[in-house]
Amino acid sequence: MTVVTRFAPSPTGFLHIGGARTALFNWLFARRHGGRFLLRIEDTDRRRSSEAAVAAIHDGLSWLGLDWDGEPVSQVSRLPRHAEAARRLLDEGKAYRCYATAGELAEMRERAKAEGRPVLYDGTWRDRDPGEAPAGVDPAIRFKAPREGETAIEDAVQGIVRVSNRQLDDMVLLRSDGTPTYMLAVVVDDHDMEITHAIRGDDHLNNAFRQTQLFRALGWEPPVYAHIPLIHGADGAKLSKRHGALGVEAYRELGILPDAMVNGLLRLGWSHGDDEIIGRDQAIAWFDLDHVGRGAARFDLDRLMNLNAHYLRETDADTLVASIRPRLEDELGAALDDRHVTRLTRAMPGLKPRANSLVALAESAAFYVRERPVPIDAKARKLLGGDAGSSLHALAEALGAIDSWDEDGIEQAVRGLARQRGVKLGAVAQPLRASLAGSTVSPGIFEVAAILGRDETLGRVHDALRLRDPAPGSPEI
RNA sequence: GACCCCAUCGUCUAGAGGCCUAGGACAUCAGCCUUUCACGCUGAAGACACGGGUUCGACUCCCGUUGGGGUCGCCA
């Protein structure tokens, strides 16, 4: 039997991390078993569905690298099929027409609530003579659910879960306007798409009972259900759009790498012993339903950032430069040329271990490609004050005398200078850093100078000197 | 309210009756490394919600309590 899973979001907003994780688990499970992973857009509620949301879901999945098999299925397109199933049930006496109005239903619920009974449809039209149907009212089609006994599901994550049939009422299959409800549509589509495993959020656990009944009534076998716990917000409540939940694109904006996101989402609810860093291929090889946790988890940005830092370090320089290029050009307001790109590429090994996101990486890389004079921040200016002047003069001289402009040569020159002046290395290295990076923080300063090149380095040192002692008439920096 | 699910450090988790003096990771703190900041390394602090059983022995099994979450739509 080929494993077939599906991700079935309703297109009412962006793809948030809960949905992303559900998609990931389904994708992983399908890939693990060499099966198919399908995408189905549950858009039977036309009023709340939007094309933009469908696009956002596609974008989100693509960004995460969760490729689906075949064309996405739009649930509305299958309306005739759904109606057909409802009609069949009607013909077989397993469903009936219900003429209750919205008002009557609301009243019914009020009453049940007041009397402390379960809030369920009371089945008024279940056995009522259709001849009593009020004129001019379009009926909804309801499922004739079993009233005795219980319904059980064997959930791959939750174990056996059973509920008394008295807790389940006659759900609507077809609305009075003839459109199918979610319950009917999922069952028919899961069957037609030959879904073998339905991995979805815990919030669907209760639906599984009704869906199982429907499957049986239609003479079909339900898929294996696996209800995974919801991801909660920092306050422990359900993650929802109105709850400040972020879409995956928000994490992309934050400079998170897809691999880090996938790893982070994976570890939220699934584990493999003490392993924390689990790459995509490893995840496919290892993923199973047995190790999905049963308790709800909260999403922790710190952990994600740590993972992101790891994957950042694993990424090669060219890819990284390409990734931060748009941000950099945006920041600089100018296009980068080949010289800049070469510089950045050489700088990546030094920059990578200091960044935990593409945003941070771009920020820390900016000084490499800024035009002179580079802006000097407040802390760096302090380093350039006091007696840094003579150090800088001496530095300019020593650097100017270097034969081979490489990291070793520069280090020798600068260390030699410090020794010669009887000061600690920091006394000359820090002013140099401030001049070159415009900041008190940067990769190793010999490396920075080597990558910047002799002319740029000396130019920036002289800029710093000018900043200290502006020559008459020269512009303030 | 009814029904369903869940419950290990602040957070994510390992743990399938003795391997637990409860392990790992993030975060926190201290130290090392060091030209800055990171990275890295070393160490510290930090949890089995509570109460009953079952058992020679419970984090692990059962029951209850408490707490949290979910669902009760002609939404999905």
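Residue numbering restarts at 1 for every chain, and letters A, B, ... go by the order of the sequence lines. Note that the structure is a prediction, hence the values are computed from the model and not measured.
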> What does Phe209(A) touch in the nucleic acid at a heavy-atom separation under 4.0 angstrom: a base, only the sugar-phosphate, or nothing?
Replying inline: nothing
>> Between C1' on C26(B) and CZ on Arg303(A), what's the gap in Å once rounded to a whole number?
In response: 5 Å
> What is the nucleic acid contact for Pro443(A), judged by heavy atoms within less than 4.0 Å: base, sugar-phosphate only, or nothing?
Replying inline: base
> Is Asp190(A) salt-bridged to Arg40(A), cutoff N-O under 4.0 Å?
Replying inline: yes
>> Taking atom types as they are modelled, would you say the side chain of Asp202(A) forms a donor-acceptor pair with the base of G70(B) within the 3.5 Å cutoff?
In response: no
>> Under 4.0 Å, heavy atoms only, any strand: does Leu268(A) hit a base, just the sugar-phosphate, or nothing?
In response: sugar-phosphate
>> Heavy atoms only, 4.0 Å cut-off, all strands: where does Asp275(A) land among base, sugar-phosphate and nothing?
In response: nothing
>> Rounding to an integer number of angstrom, what distance separates A47(B) and G10(B) when you compare their P atoms?
In response: 7 Å
> Hey, are the side chains of Tyr225(A) and Arg200(A) touching, using non-hydrogen atoms and a 4.5 Å cut-off?
Replying inline: yes
>> Heavy atoms from C-beta onward define the side chain here; which of C5(B), C74(B), U71(B) lies closest to that of Gln158(A)?
In response: C5(B)
>> Work out how far the C1' atom of A16(B) is from that of G23(B), and round it to whole angstrom.
In response: 16 Å
> Can you tell me how far C1' in C50(B) sits from the matching atom in G67(B), rounded to whole Å?
Replying inline: 10 Å
> Do NZ/NE/NH1/NH2 and the carboxylate oxygens of Arg97(A) and Asp138(A) come within less than 4.0 Å?
Replying inline: no
> Nearest to the side chain of Thr181(A), which nucleotide is it out of A76(B), U36(B), A27(B)?
Replying inline: A76(B)
>> Can you confirm whether Pro222(A) sits close enough to Gln211(A) that some side-chain heavy atom of one is under 4.5 Å from a side-chain heavy atom of the other?
In response: no
> Under 4.0 Å between a Lys/Arg side-chain N and an Asp/Glu carboxylate O for Arg460(A) and Glu456(A)?
Replying inline: yes
>> What's Ala297(A) touching, base or sugar-phosphate or nothing? Going by heavy atoms closer than 4.0 Å.
In response: sugar-phosphate
> Mind checking the P distance from G1(B) to A27(B)? Whole angstroms is fine.
Replying inline: 41 Å
> What distance, rounded to whole Å, do you find between the two C1' atoms, one in C59(B) and one in G18(B)?
Replying inline: 13 Å
> Got a donor-acceptor pair under 3.5 Å from the side chain of Ser176(A) to the base of C74(B)?
Replying inline: yes
> His227(A) near the nucleic acid: base, sugar-phosphate alone, or nothing, with a heavy-atom cut-off under 4.0 Å?
Replying inline: nothing
> Who is the Watson-Crick or G-U wobble partner of A38(B), with both distances under 3.5 Å?
Replying inline: none
> Does any donor atom in the side chain of Asn308(A) or Ser357(A) lie under 3.5 Å from an acceptor atom in the other side chain?
Replying inline: no
>> Counting the atoms with a prime plus P, OP1 and OP2 as sugar-phosphate, which does Ala100(A) contact under 4.0 Å by heavy atoms, base, sugar-phosphate, or nothing?
In response: base
> Taking atom types as they are modelled, is there a donor-acceptor pair under 3.5 Å from the base of A76(B) to the side chain of Asp43(A)?
Replying inline: no
> Which part of the nucleic acid, if any, lies within reach of Leu105(A) when heavy atoms closer than 4.0 Å are counted: base, sugar-phosphate only, or nothing?
Replying inline: base
>> Given C26(B), G40(B), C4(B), identify the nucleotide with an atom nearest to the side chain of Arg313(A).
In response: G40(B)
>> Using the C1' atom as the point on both nucleotides, what is the distance between C48(B) and C72(B), in whole Å?
In response: 34 Å
>> Heavy atoms only, 4.0 Å cut-off, all strands: where does Gly269(A) land among base, sugar-phosphate and nothing?
In response: sugar-phosphate
> If you look at every strand shown and take non-hydrogen atoms under 4.0 Å, does Leu425(A) touch a base, only sugar-phosphate, or nothing?
Replying inline: base
> Under the 3.5 Å rule, do the base of C37(B) and the side chain of Arg354(A) count as making a donor-acceptor pair?
Replying inline: yes
> Given the C1' atoms of G73(B) and U60(B), what is the spacing between them in whole Å?
Replying inline: 41 Å
> With sugar-phosphate meaning primed atoms plus P, OP1 and OP2, does Arg109(A) contact a base, only sugar-phosphate, or nothing at under 4.0 Å between heavy atoms?
Replying inline: sugar-phosphate
